[in-house]
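In listed order, ligands and their atoms are each counted from 1.
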Amino acid sequence: MQVKKLADLDVRGKKVFIRADLNVPQDDAGNITEDTRIRASIPSIQYCLDNGAAVMVTSHLGRPTEGTVGPDDTLAPVAVRLGQLLHKPVKLVSGWVDGGFTVEPGQIVLLENCRCNKGEKKDNEELARKMAALCDIYVNDAFGTAHRAEATTHGIARFAPVACAGMLMGAEIDALSKALHEPKRPLVAIVGGAKVSTKLTILKTLADKVDQLIVGGGIANTFLLAAGKRIGESLAEPEMVREAQQVMDIMKARGAEVPLPVDVVVADEVSALARANRISVDEVGPHDRILDFGPKSSARLADIIAHAGTIVWNGPVGVFEHAQFAGGTKMMASAIAHSEAFSIAGGGDTLAAIAKFHIANDVGYISTGGGAFLEFLEGKTLPAIAALEARFGG
Ligand code: 3PG
Ligand code: MG
């Protein structure tokens with residue numbers, strides 16, 4: 001992937017428009033509950049400020065209705081947090097599309113929620129042209145939104161005098177490309193989560209590439225069904241059994257495998273108080289729900305991970321939110337942390353597991369992308385990256 005990079009450009013005295021992904025979770029009162037994306041956006045902003053650019057930053061927050069900025073839509077809390085991290089006040093500017101605000105070299109303004117502008121989601125050309133006219137350099141640093149072709153992630157890149165990738169975008173592209181396109185073998189992928197249906201494309205894409213495909217959660221249950229096992233009342237998608245079988249066949253034809261659990265942790269309900277039983281996968285009763293890998297299966301996963309050259313991780317293997325079903329994910333997290341392999345992780349649940357088991361510093365790369373991370377793994381061309389590639393030569 002060839003894109004212009006911010007760090008290669010002279011930004012002194014230039015008006016720089018940075019599209020970041022500052023779409024962070026908030027509580028009911030609007031307080032930011034997790035600020036990874038804001039922190040990850042600092043290097044590009046700091047680089048521009050330090051090198052004398054006049055900096056405009058914008059992001060979407062949530063999925064607002066275009067045309068108004070409702071109380072839940074405002075980037076005001078993000079402006080405060082950005083200011084704390086940059087050690088300078090960050091002014092929030094509304095109604096900015098037609099200009100009418102000033103920002104001096106070495107200064108930063110935050111442009112209010114770009115998804116509140118009419119035409120943003122449909123990638124409207126007139127809007128994109130207006131925004132492009134605000135700047136000398138357009139920087140896309142919003143990897144988390146790279147799978148969306150919207151006016152600030154896509155259209156603007158066509159019309160801005162210069163369009164480049166920010167440092168976070170560059171790091172994401174580098175890390176993901178390294179893991180997928182030139183991995184040190186064995187390449188092990190872990191795909192957990194509730195449903196095969198939402199991750200079918202990624203499972204098939206990975207089945208063509210990886211040496212071992214570990215499935216967890218509801219996905220693993222569907223694979224167990226496909227392998228002829230009884231799963232009681234476990235979460236699964238019986239209509240996806242054929243697809244699961246296909247994924248296993250693709251792997252088998254390549255001399256690779258999908259290591260299914262040989263023991264599991266079951267309960268009759270998903271709750272903090274549920275009584276958990278560790279049993280062989282052949283002992284699952286009609287009312288059991290499989291909620292985690294058992295210790296033997298977890299140890300096997302840990303062994304696979306220990307011998308990996310590259311690890312791609314999306315999704316937990318059990319209901320790790322409850323201690324009695326956290327063992328599999330915990331053992332996996334610890335194996336990843338101790339492995340010599342280059343590891344890359346992404347997705348909301350995965351990030352929560354990484355935080356819970358305190359392994360953030362031991363994962364090779366943690367992606368800020370949820371949907372974008374998955375679509376990259378699916379082998380899709382992300383429209384925001386494609387737009388930057390199209391501007392590589394000029
Ligand atoms: C995300 O939270 O995954 C990104 O910010 C993209 O948000 P979206 O799914 O609302 O486009
Ligand atoms: Mg969201």
Side-chain angles (χ1 to χ4, degrees), residues 18-27 30-42 44-45 57-70 72-75 77-79 81-82 110-124 127-128 139-157 165-166 168-169 171-173 175-176 191-195 198-199 201-202 313-315 344-355 365-378 380-388:
I18 303 179
R19 175 35 159 124
D21 186 333
L22 309 174
N23 185 33
V24 287
Q26 291 168 280
D27 64 16
N31 301 304
I32 295 167
T33 51
E34 211 285 314
D35 69 352
T36 302
R37 282 180 168 169
I38 303 178
R39 281 184 286 110
S41 300
I42 295 296
S44 288
I45 297 172
V57 180
T58 194
S59 171
H60 72 288
L61 183 67
R63 294 175 178 171
T65 308
E66 293 183 359
T68 54
V69 183
D72 293 342
D73 307 333
T74 180
L75 286 176
V78 174
R81 188 79 193 100
L82 256 185
L110 183 64
L111 306 177
E112 186 59 283
N113 194 339
C114 57
R115 248 186 214 168
C116 293
N117 295 329
K118 276 196 179 142
E120 170 67 14
K121 274 176 281 193
K122 291 241 161 80
D123 200 11
N124 177 273
L127 173 63
V139 180
N140 191 340
D141 214 18
F143 177 75
T145 326
H147 57 319
R148 308 280 184 223
E150 300 182 349
T152 55
T153 63
H154 185 265
I156 186 175
L168 175 62
M169 179 70 92
E172 295 268 7
I173 294 174
L176 279 145
V191 181
K195 292 180 172 175
T198 57
K199 294 195 179 166
T201 322
I202 181 174
W313 180 21
N314 173 258
I344 175 156
D349 288 347
T350 313
L351 268 48
I354 287 171
Y365 189 79
I366 299 176
S367 178
T368 54
F373 178 75
L374 288 179
E375 291 198 19
F376 195 108
L377 295 185
E378 285 173 0
K380 287 194 185 141
T381 305
L382 305 187
I385 297 177
L388 296 178

ask   = For ligand 1, which atoms have a heavy atom of Gly144 less than 4.0 angstrom away?
value = 4 (C), 6 (C)
query = Counting from 1, what ligand 1 atoms have a heavy atom of Asp21 closer than 4.0 Å?
reply = 4 (C), 5 (O)
ask   = Under 3.5 Å between some N or O of ligand 1 and some N or O of His147?
value = no
message = I need the Asn124 CG to Asn117 CG distance, nearest 0.5 Å.
response = 10.5 Å
inquiry  = Quiz question: by atom type and distance under 3.5 Å, do the side chains of Thr153 and Arg148 form a donor-acceptor pair?
reply    = no
query = Can you list the atoms of ligand 1 that are under 4.0 Å from a heavy atom of His60?
reply = 4 (C), 5 (O), 6 (C), 7 (O)
ask   = Any donor-acceptor pair under 3.5 Å linking the side chain of Glu172 with the backbone of Thr368?
value = yes
message = Please list, in number order, the atoms of ligand 1 under 4.0 Å from a heavy atom of Arg63.
response = 8 (P), 9 (O), 10 (O)
message = Tell me whether Arg115 contacts the main-chain N or O of Lys121 through its side chain, where contact means a donor paired with an acceptor under 3.5 Å.
response = no
key: Any side-chain donor near an acceptor of the partner, Asp21 and Thr145, under 3.5 Å   = yes
request  = Select one of side chain, backbone, both or neither to describe which atoms of Arg37 lie under 4.0 Å from any atom of ligand 1, heavy atoms only.
outcome  = side chain
request  = With side-chain contact (heavy atoms from CB on, under 4.5 Å) as the test, would you mind laying out the steps for Leu22 and Leu61 before giving the verdict?
outcome  = CA-CA 7 Å; Leu22 309 174; Leu61 183 67; over 6 Å; no
note = The atoms of ligand 1 lying under 4.0 Å from a heavy atom of Arg115, numbered in the order shown, are 8 (P), 10 (O), 11 (O)
note = Here the atoms of ligand 1 under 4.0 Å from any heavy atom belonging to Asn23 are 1 (C), 2 (O), 4 (C), 5 (O), 7 (O)
query = For ligand 1, which atoms sit closer than 4.0 Å to a heavy atom of Arg148?
reply = 8 (P), 9 (O), 11 (O)
